[in-house]
2 protein chains.
Amino acid sequence: MSLCTPTSLKAELNAKGWRLTPQRETILHVFQNLPRGNHLSAEELHDLLKQRGEKISLSTIYRTVKLMARMGIIRELELAEGHKHYELNHPYPHHHHHIVCIQCNQTLEFKNDTILKQSLKQACKTGVQMIDCQLTIHAICPEAIRKGWPAMLPSSWTCSRAIASGHQSLEEIQEHLEQDDPESE
Amino acid sequence: MSLCTPTSLKAELNAKGWRLTPQRETILHVFQNLPRGNHLSAEELHDLLKQRGEKISLSTIYRTVKLMARMGIIRELELAEGHKHYELNHPYPHHHHHIVCIQCNQTLEFKNDTILKQSLKQACKTGVQMIDCQLTIHAICPEAIRKGWPAMLPSSWTCSRAIASGHQSLEEIQEHLEQDDPESE
DNA sequence: ATGTATGCAAAAGTTTTGCACGTTA
DNA sequence: TAACGTGCAAAACTTTTGCATACAT
């Protein structure tokens, strides 16, 4: 599934003068065996390893995830919990994006190849080398709405400010989308 | 351009029992007069206000940007600088996304309606109310490459891990994209 | 053998919070 | 005037860093 094996990781590290250490191999292994849809914070990874009896210092964890993110092996996710989360950077076609509820922080994955394509196209056009692309949809989930949220939003809230111009209703925009949207993933 | 005026802000706040204060009005005003493409951290906003002689405490700034983000008035951006940035949540069709160089942190805006459409569609399908959607492309810019970066990536780096499966080259994927990509923004 | 990586503890930086005082509706 | 918001200072957290030791190549 993933392109990264201990052997290839070693090769890539050595090519730049870096080293494969047991800690790095262990951390890679954890991410590769993480069930789909899971992602870990540095702290969570630290605790998980401690539980398994593998004590790797927090410093090393931070240094390692940063290194691996720069290598494109893992993705740094900025969700809504106040700290970063990490997960394997699954190659196409397993790449995915996230919906985050801004009240309860619940996170949902979804796949959408159109977004990946558009990103790659944009990167080409701009002349940069893409390492990762992440679409994050900030939203309010049905449970949150039921529970009385949004406490701070007008009760007639329809997301219209976020997406609509002053003269278009949400419904109009959605109609517009139905008409000419090219892909139904 | 923006749907939010002091009057409408007051109405929305009052509807929930909150209040319009001079601080909140000032902060809204700053964001509304920020040139396109600019975004501010809490600290930067604090300094900017101080320079203008308007002293608003950092606490209030943090409290206000969080409030306004939840109202959908401003967007919280998670770029690469280690802290959040804020900007007006421009309504469609002025909505935009970001490319960030993971070495030099340079940030570039781009517009892409397809992404907005796909996001809205996904939100509908999932049954949530979308407040904002942000695509962030993590990339390495040409200058960074010229300067010897990526120090930690193999010299043959082609972004292939990030997007390609084991059997597809970047070129193949790009060809594929050229064929059936529906929109050329 | 040399240069890297790790672990620990301390530091740095951002964001949040408690509380007394002001202000808004 | 009652509830909400602000400012200040302290606290809470996440992430980074300096340095001595250990390890991979």
Side-chain angles (χ1 to χ4, degrees), chain A residues 6-28 39-47 49-50 53-71 74 76-86 102 105 151-152 154, chain B residues 6-28 39-47 49-50 53-71 74 76-86 102 105 151-152 154:
Chain A
T7 307
S8 75
L9 178 60
K10 183 173 191 310
E12 287 193 21
L13 288 168
N14 290 350
K16 285 291 171 182
W18 319 117
R19 289 162 190 187
L20 182 61
T21 62
Q23 290 89 337
R24 289 176 179 174
E25 203 168 335
T26 299
I27 290 171
L28 175 63
H39 36 70
L40 298 173
S41 68
E43 194 77 38
E44 287 164 348
L45 177 52
H46 188 232
D47 292 347
L49 289 168
K50 206 184 291 175
E54 312 223 40
K55 298 223 175 83
I56 298 181
S57 76
L58 245 188
S59 306
T60 296
I61 288 176
Y62 274 110
R63 286 189 275 234
T64 302
V65 292
K66 183 179 248 183
L67 173 68
M68 289 185 176
R70 287 185 167 172
M71 294 176 76
I74 62 176
E76 225 176 60
L77 304 178
E78 307 271 11
L79 303 173
E81 294 87 357
H83 45 68
K84 290 172 187 155
H85 278 178
Y86 303 88
I102 63 174
N105 287 346
M152 297 182 186
Chain B
T7 308
S8 75
L9 178 59
K10 183 172 192 309
E12 287 194 20
L13 289 167
N14 290 351
K16 285 292 172 180
W18 320 118
R19 290 161 190 186
L20 182 61
T21 63
Q23 289 90 337
R24 289 177 179 174
E25 203 169 335
T26 299
I27 290 172
L28 175 64
H39 36 71
L40 299 172
S41 68
E43 194 78 38
E44 286 164 349
L45 176 52
H46 188 231
D47 292 347
L49 288 167
K50 207 186 290 175
E54 313 224 38
K55 298 222 175 83
I56 299 181
S57 76
L58 245 189
S59 305
T60 296
I61 288 176
Y62 275 110
R63 285 188 275 233
T64 303
V65 293
K66 181 178 249 184
L67 173 67
M68 289 185 174
R70 288 185 165 172
M71 294 176 76
I74 63 177
E76 226 176 57
L77 305 177
E78 306 271 12
L79 304 173
E81 294 86 356
H83 45 68
K84 289 173 187 155
H85 278 177
Y86 303 88
I102 63 174
N105 286 348
M152 296 183 186

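Proteins get letters first, then strands, A, B, ... in listed order; numbering begins at 1 in each. These numbers were taken from a predicted model, which means no experiment stands behind them. Reckoned from all heavy atoms, side chains included, excluding hydrogens, waters and symmetry mates.
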Give the intermediate values and the outcome of side-chain contact (heavy atoms from CB on, under 4.5 Å) for residues A/Leu13 and A/Arg24. CA-CA 11 Å; A/Leu13 288 168; A/Arg24 289 176 179 174; 4.2 Å; yes

List the steps and the verdict of side-chain contact (heavy atoms from CB on, under 4.5 Å) for B/Leu49 and B/Lys55. CA-CA 6 Å; B/Leu49 288 167; B/Lys55 298 222 175 83; over 6 Å; no

Using five base pairs at each end, measure the axis-to-axis angle across the helix from C/dA1-D/dT25 to C/dA25-D/dT1 and round it to 10 degrees. 50°

Which parts of nucleotides 18-25 of chain C does protein reach within less than 4.0 Å, heavy atoms only, written one letter per nucleotide 5' to 3' as B for base, S for sugar-phosphate only and - for none? B-----BS

Hey, what do you get for OG1 (B/Thr64) to CG (B/Leu28), rounding to the nearest 0.5 Å? 10.5 Å

Which is the 5'-most and which the 3'-most nucleotide of DNA chain D that has an atom under 4.0 Å from a heavy atom of chain B? D/dA3 to D/dA9

Got a second to check how far A/Lys66's NZ is from A/Arg70's CZ, nearest 0.5 Å? 5.5 Å

Could you check how far CD1 of A/Ile61 sits from P of C/dC8, rounded to whole Å? 12 Å

Apply ring pair (Phe, Tyr, Trp, His ring centres under 6.0 Å) to A/His85 and list each qualifying residue two or more places apart in sequence or on a separate chain. A/His39, A/His83

Between NZ of A/Lys50 and C1' of C/dG7 the distance, given in whole Å, is 13 Å

Looking at B/Tyr62, does any N or O in its side chain come under 4.0 Å of the phosphate oxygens OP1/OP2 on C/dT15? yes

Of A/Gly17 and B/Ser41, the one whose nearest nucleotide on DNA chain C sits closer to the 5' end is A/Gly17

Please name all residues satisfying side-chain contact (heavy atoms from CB on, under 4.5 Å) with B/Asn14, sequence neighbours left out, ordered by chain then number. B/Lys10

What's the verdict on side-chain contact (heavy atoms from CB on, under 4.5 Å) for B/Glu25 and B/Leu20, showing C-alpha distance, side-chain angles and the deciding distance? CA-CA 7 Å; B/Glu25 203 169 335; B/Leu20 182 61; 3.7 Å; yes

Atom-pair distance (CD1 on A/Ile27; C1' on C/dT6), nearest Å: 11 Å

For A/Glu43 and A/Leu58: C-alpha separation, side-chain torsions, deciding distance, then whether side-chain contact (heavy atoms from CB on, under 4.5 Å) applies. CA-CA 7 Å; A/Glu43 194 77 38; A/Leu58 245 188; 3.9 Å; yes

Does B/Glu78 have any salt bridge (Lys or Arg N to Asp or Glu O under 4.0 Å) partners at least two apart in sequence or in another chain, and if so, which? none

So do A/Val65 and A/Glu76 actually touch side chain to side chain, heavy atoms under 4.5 Å? no

Check the distance between C/dG7's C1' and A/Glu54's CD and give it to me in whole angstrom. 16 Å

So how far is it from A/Thr7 OG1 to A/Glu12 CD, rounded to the nearest 0.5 Å? 11.5 Å

Could you check how far CG of A/Leu58 sits from P of C/dA10, rounded to whole Å? 16 Å

